[in-house]
Amino acid sequence: MTSDPGDAKRMTAQYRLRLFISGSTPRSTRAIENLRRICEEHLEGCYDLEIIDVYENPEATRDLQVIATPTLIKLLPEPSRRTIGDMSDRDRVLAGLSLLANAPR
Amino acid sequence: MGKHTVPGIVEGHEVAAAQLSKAPTGITGLDDLTLGGLPCGRPTLLCGSAGCGKTLFALTFLVNGVVDFGETGVFVSFEERPEDLDANVASLGFQLADLVAAEKLVIDHVHIERSEIEESGEYDLEGLFVRLNYAIDRVGAKRVVLDTIEALFSGFTDSAVLRAELRRLFVWLKEKGVTAIITGERGEGQLTRYGIEEYVSDCVILLDNRVEDQVMTRRLRVVKYRGSAHGTNEYPFLIDQEGISVLPITSAGLEHCVSHEAVPTGVAGLNDMLGMKGYYRSSSVLISGLAGTGKSTFSASFVNAACERGERCLFFAFEESPDQVIRNMNSVGIQLKRHVDAGLLKFEAARPSLYGFEMHLARMNRDIERFKPDAIVVDPISAFRGPSSEIHATLVRLADICKSRGITAIFTTLSSPDDPANESQRSVSSLMDTWISLADVEANGERNRVLYLLKSRGMDHSKQLREYQLSSQGIRLIDVYVGPEGVLTGTARIAQEAREHDASIQRQQLTARRHREMVRKRELVEARIAEMRTELEMEESEFQTLVDEEDTRETMRRSERGAMGAIRGHHSDR
């Protein structure tokens, strides 16, 4: 599928991320803000982040094996990884996104 | 924790709460033990080491809920995948997939892969709550199982958060009003590895499997049950193709009603030996004896007689297969096959080594509940292995179960030649109402069988030793020769009887001879008397003759003297 016509578009959305939060708690808000900041810094223009509220979409918790909130799931690129917490530990988030090795020291 | 309830003792204020509503598990025995089931609308902790049946227990609770009590359920598995669960319980006849398809059951597999997870900052387990809530609401579940929630501890590093969340989860489950089972792995020095018993304080059930003498026995104990009385002992339980059954003790009391009715033993002579013309109904009978004394035959005779009266019998065979028993009993004229065909007689055969002693009893209890027999035979109880205290404890339970259900129970036991009343027999004998001892008497190069009644409670029974024979006509009792030379049986008895017969003939002959001698002596004496009388008569007649002669002579002399005087007087006068 490498010769897909949407190649260029997919390049921009190379990272497919899902962030599960539980309602509009301070922790949820914090997680969203922290993650957005990291993504803008490290993955600008090449990520697709979807924020899912588990209260609104409970079925998704089952499909994606979500237990803790907030949970960030990196669906692409493989392998799939997940990071839980309010995303306040930047290095951990980068490790969960498999970006730590490439990150400047 | 635990200060509100002392196990086995219900405090005053909680007696009122004994009306606490309960969710029946449908597991044989467990509902008796807990006086109705698990606390309804509350979480119960089910803990035990690996392989002791936690998952199966929990799943049985759910499936029975759906099938028997119309309560839908949710099974959250933290370990096994739904397909594995399905395969594991299919052997028990559970069709999980069907229940899931019918929206009666939800199986949710929570997969936690530690290596996939990075932790970055604060989190909670709201995702799990939402997930659980969603599953419960989808089928309107009343029953929930979390198996094994402690798997979370391996998935998350922050145990403080985890504990707080678990505490919240159990409170939430209670608020939700679902009857929940939370399983936990047995830990060192505490009930569960991560001490979650701290959060579940309503009901705690401990499962255990111990291996003794290479035989595994499963046991269950209700550690606590807040607000309800419950059995506090360890109870054996059984897992087999029929599911789970727990051997209850609620039936093990001494309040059972006794029967005054006699049930014939099936052996004519034995009925006469027992003052009642049989055993008491619902009594326990022990038949002990050496190998080959016909213990099984006595049992089979009883079964045969009972079935002929139309009663139901359950025969637990631990040494022979049912076919073998039927064939062997045919040889002594006891036809059991027809009763099996008529559905009156059922054999349950198992090797004693198959499970532990208590497991056998759990199984027997279940079979009794299902078949509802009027009489049972356990042949033999000596096949069981284990410490005699355990054998005793469990036989007490079996005997009580039978008594409470009005079942007449025949137990056979093998005695050893050196020690006719061995340890295990002595320990069970006190339970038994009637004890028949079968023995071999060896003499004159042959072996004969005798029986006697060691005891028979509540009846005036024979104290005599009786010889019996096993023939194609069944068991026949013969009067035993008891004489100055001891008890004689078999040919010795026959020989002795012949000797006695001879002796009596001799005595008769002797008397006759003496009689004849007396007659002859009398004849002799009388002859002599006659002779002497004749002699006397002769002497008398001789004497008379002499007297007569003398008289004659005197007369003559007197006349002669007169004549001479006359002559002389004439001459002198001239």
Side-chain angles (χ1 to χ4, degrees), chain A residues 17-35 37-39 52-75 78-101, chain B residues 74-79 81-82 100 103 105-139 141 146 148-166 168-169 172 176:
Chain A
L17 308 175
R18 297 279 181 278
L19 179 66
F20 287 85
I21 52 151
S22 49
S24 51
T25 59
R27 188 182 290 159
S28 299
T29 317
R30 219 158 47 233
I32 297 168
E33 283 171 0
N34 286 337
L35 182 63
R37 201 161 44 240
I38 293 165
C39 288
I52 299 164
D53 186 344
V54 291
Y55 296 130
E56 285 166 15
N57 191 359
E59 205 167 351
T61 56
R62 185 171 176 163
D63 299 339
L64 286 171
Q65 289 292 352
V66 175
I67 302 162
T69 46
T71 294
L72 168 66
I73 303 177
K74 176 189 66 135
L75 292 170
E78 291 190 340
S80 155
R81 292 291 299 267
R82 53 185 67 206
T83 309
I84 59 172
D86 62 5
M87 310 294 149
S88 55
D89 186 333
R90 176 182 289 256
D91 282 356
R92 288 285 181 183
V93 177
L94 291 176
L97 293 171
S98 317
L99 288 171
L100 201 54
Chain B
V74 169
F75 190 95
V76 183
S77 170
F78 291 87
E79 289 177 335
R81 293 178 304 146
V100 170
E103 302 222 312
L105 185 68
V106 172
I107 299 178
D108 190 358
H109 177 224
V110 175
H111 176 79
I112 306 159
E113 189 66 64
R114 181 73 194 92
S115 61
E116 283 181 4
I117 301 175
E118 291 286 345
E119 290 183 19
S120 169
E122 296 168 21
Y123 58 89
D124 57 31
L125 295 185
E126 193 60 24
L128 181 65
F129 283 72
V130 168
R131 205 165 153 177
L132 196 52
N133 190 52
Y134 175 67
I136 291 171
D137 289 349
R138 214 171 76 192
V139 293
L146 304 177
T148 299
I149 199 149
E150 285 182 317
L152 289 175
F153 283 92
S154 64
F156 300 95
T157 51
D158 192 343
S159 68
V161 168
L162 211 46
R163 285 178 186 281
E165 288 296 277
L166 283 180
R168 189 161 72 94
L169 178 68
W172 179 82
K176 192 83 186 160

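First the proteins, then the strands, lettered A, B, ... as listed; each starts at 1. Atom set for the values below is all heavy atoms of this structure, side chains included, hydrogens, waters and symmetry mates excluded.
- Residue with the most contacts toward chain B among Arg30(A), Arg90(A), Arg92(A): Arg92(A) (heavy-atom pairs, distance under 4.5 Å).
- Looking at Phe156(B), the atoms closer than 4.5 Å to chain A (heavy atoms on both sides) all sit in the side chain, from C-beta outward.
- Although no hydrogens or angles enter the test, the distance criterion places a donor-acceptor pair under 3.5 Å between the side chain of Ser120(B) and the main chain of Asp89(A).
- With a 4.5 Å cut-off on non-hydrogen atoms, Val76(B) does not touch chain A at all.
- Here CD of Glu118(B) is found 9.5 Å from CG of Leu97(A). Values are rounded to the nearest 0.5 Å.
- Interface residue Leu152(B): only side-chain heavy atoms are found under 4.5 Å from chain A.
- From Glu122(B), atom CD reaches atom CE of Met87(A) across 12.0 Å, with rounding to the nearest 0.5 Å.
- Thr25(A) is not listed as a side-chain neighbour of Glu126(B), based on a closest heavy-atom distance of 4.5 Å or more.
- The heavy-atom pair separating Asp86(A) from Gly121(B) by the smallest distance is OD1-CA, 3.2 Å.
- The most heavy-atom pairs under 4.5 Å with chain A, out of Asp158(B), Leu132(B), Leu125(B), come from Leu125(B).
- Residues of residues 60-74 of chain A that come closer than 4.5 Å to chain B, counting heavy atoms only, are Thr61(A), Arg62(A), Gln65(A), Val66(A), Ile67(A), Ala68(A), Thr69(A), Pro70(A), ordered by residue number.
- Listed options Val161(B), Ile112(B), Val110(B), Asn133(B) were ranked by heavy-atom pairs under 4.5 angstrom with chain A; first place goes to Val110(B).
- Scanning both residues, Tyr123(B) and Arg27(A), for their nearest heavy atoms gives C-NH1, 3.4 Å.
- For chain B, the option among Val93(A), Val54(A), Thr83(A), Ile84(A) with the highest count of heavy-atom pairs below 4.5 Å is Ile84(A).
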